Amino acid sequence: MSIRRLPPELINRIAAGEVVERPASALKELVENSLDAGAGQVAIRLHAGGLDLIEVTDDGSGMSPDEMRLALERHATSKLPDEAIDRITSFGFRGEALPSIASVSRLILESRVRGADGWRIECDHGEGAGEGPAALPPGTRIRIEGLFDKVPARRKFLRTPRAEYGACLDAVKRLAMARSDVGFTLEHDGRRVLTLLPAEPPARVAEILTHELERHGIGIDCVRDGLRLTGVISLPTFNRGLADQQYLFVNSRPVKDRLLVGALRAAYRDLIARDRHPVAALFVEVPLDEVDVNVHPAKTEVRFRDPAAVRGLIIGGLRHALDEQSQRSAAREQAAAPVMWTTSASYQPHPDLGTGIAAVREEQQLFQPVTFVPQARAEPAVQPVPSYPLGVARGQVAATYIVAEAEDGLVIVDQHAAHERLVLERMRAAREGGAVARQALLIPEVVELEEPECDRLEGAAAELGGMGLEIERFGPTSILVRAVPAALGKTDAAGLLADLAAEIAELGGPLSLRDKLDHVAATIACHGSVRAGRVLSVAEMNALLREMEVTPRSGQCNHGRPTWVKLGHGEIEKLFGRK
Ligand SMILES: Nc1ncnc2c1ncn2[C@@H]1O[C@H](COP(=O)(O)OP(=O)(O)O)[C@@H](O)[C@H]1O
Ligand SMILES: [Mg+2]
């Protein structure tokens, strides 16, 4: 065996393997360079998903010919003037991107500093291929042609131009959200696909993700322990089947962090079904010495000194905002779903709802089975409407929906969904008040797990104890379970602990137990709730409305659907063509 020093060519190719995985990663590096150069406008052109051509033009600082030559050398950067690797405010700092990209493509670099002439350097797979004067406005233009053409090993892993284009678009969107003050254009195969004028962050995010956020989004702005969180999240009722619109920015840098996934899940816990996902763009600002950005060659990951604090900030901030908005969600949702309101001409009775209007009967007992006999008596609307947000009950439709009159319109409540929510919130309040019932096991159960899992559980033992799960370390790879939350009933302790350990690892906090408890609570709540199809008295209906008004998160049911909708006076008039 002989050890040899690798030639620079090979070193660059190796670095390229880490930095430029696919066209999107090369594009990301180029756009980052433009932003670091102070560009106010970045124009991007792609051919065949970036496989044939990636061109990025900016109006930034530009480079002198000497700087251009240096820029193509490995580990040459202008961004670490005083070796302060721990105080990085630019996107780049490693000085690797340009030489790496140049080693696996044909690269044409043109640049011009304001007040000087432009220059052009060409480079073919790491070899200089000529240079000379160039005509261009101040700034820089880089063209990358035939990326990976001569690297079959890498080419094999590239996907179709369509898929590569998708990844490029995503990279541009992330950077465009990170820097809303910069204008961007993107052209693919000669077609303009994105035109973004400089904007305020909320407008930019809505422009890129969906304008629906303007109606269904909640703005976030909170500060805690020197950390700041801003951004926008969707109302629980505005959700998606994929978790593909969740973005995290740390000090303006787009990062991919599992922390966000877990924190979002925790914040929306029981507001949204498990297989649905909110839309979120969150911007965290942390002091520079609280975060290490030099942990990943493509700089898409960061390491927080105190990840729990960041996680806590996100969960706490979002939860607070969601609670504040919880009354709003259902009413807002209906504004966005006019299809819910049909005119009488096109009304088709729903087969499940029976055919009649169950009358309001003051003397009606609770829990009485319903017979769908249409009855003519309804609460006459003679008394003045007191100003309750959800109004006063006027009647019940199909023994399923409460119809109430509010000052500003007609309110319809899904009685089962609403009551289920109220019961769950009551149970939760009891738990958070410390009244968690636990059930001691007659014979403590020993659960065998991997050692790191045991370590994690042991570390969370106190918190778990507070939720009714009493555990004790019982050797390197086993845990003794002494008591379980009574609400869980007969549990598969081994399964529960394994799930908990995995979740603690993933989320940095023992959420699973709370999730499980909530799940159980929700199930119990469901069984203990006013069913659809039960006739309610006016007093019962009004009691339900009043409790909804003071209960947090009562605007949506445990599955994220609205519990009530309001038809404003204006909308009623519209239905009758009066407006
Ligand atoms: N679009 C650009 N405008 C001005 N200077 C640039 C541009 N792109 C690259 N440079 C210069 O080239 C250097 C090397 O770029 P790069 O290889 O991406 O490394 P890094 O961004 O980590 O410094 C940068 O530090 C910068 O000085
Ligand atoms: Mg760079």
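We count ligands from 1, going down the list as the structure has it; atoms in each ligand are counted the same way. Predicted model, so just to flag it, every value in this text is computed and none were measured.
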Could you tell me whether a side-chain N or O of R228 sits under 3.5 Å from a main-chain N or O of V223, the two making a donor and an acceptor? no
Side chain to side chain contact (heavy atoms under 4.5 Å, CB included) between E55 and R141: does it pass, once the steps are laid out? CA-CA 7 Å; E55 184 188 270; R141 170 157 63 223; 3.7 Å; yes
Can we say E122 and R120 salt-bridge, meaning some charged N sits less than 4.0 Å from an Asp/Glu carboxylate O? yes
For ligand 1, run through the N/O pairs with the protein that fall under 3.5 Å and put one pair on each line.
residue  : atom   : partner : partner atom : Å
ligand 1 : 1 (N)  : D58     : OD2          : 2.9
ligand 1 : 3 (N)  : T140    : OG1          : 3.3
ligand 1 : 8 (N)  : N33     : ND2          : 3.4
ligand 1 : 17 (O) : A97     : N            : 3.2
ligand 1 : 17 (O) : L98     : N            : 2.9
ligand 1 : 18 (O) : N33     : OD1          : 3.0
ligand 1 : 18 (O) : N33     : ND2          : 2.8
ligand 1 : 19 (O) : G95     : N            : 3.4
ligand 1 : 21 (O) : N33     : OD1          : 2.9
ligand 1 : 21 (O) : K79     : NZ           : 2.7
ligand 1 : 22 (O) : F93     : N            : 3.0
ligand 1 : 22 (O) : R94     : N            : 3.0
ligand 1 : 22 (O) : G95     : N            : 2.7
ligand 1 : 23 (O) : T77     : OG1          : 2.5
ligand 1 : 25 (O) : T77     : OG1          : 3.2
ligand 1 : 25 (O) : S78     : N            : 2.9
ligand 1 : 25 (O) : S78     : OG           : 3.2
ligand 1 : 27 (O) : S78     : OG           : 2.5

Are the side chains of D455 and R473 in contact, using a 4.5 Å heavy-atom criterion? yes
Electrostatic pair E164-R159, nearest N-O below 4.0 angstrom: no
Once you round to the nearest 0.5 Å, how far does CZ of F91 lie from CG of L175? 5.5 Å
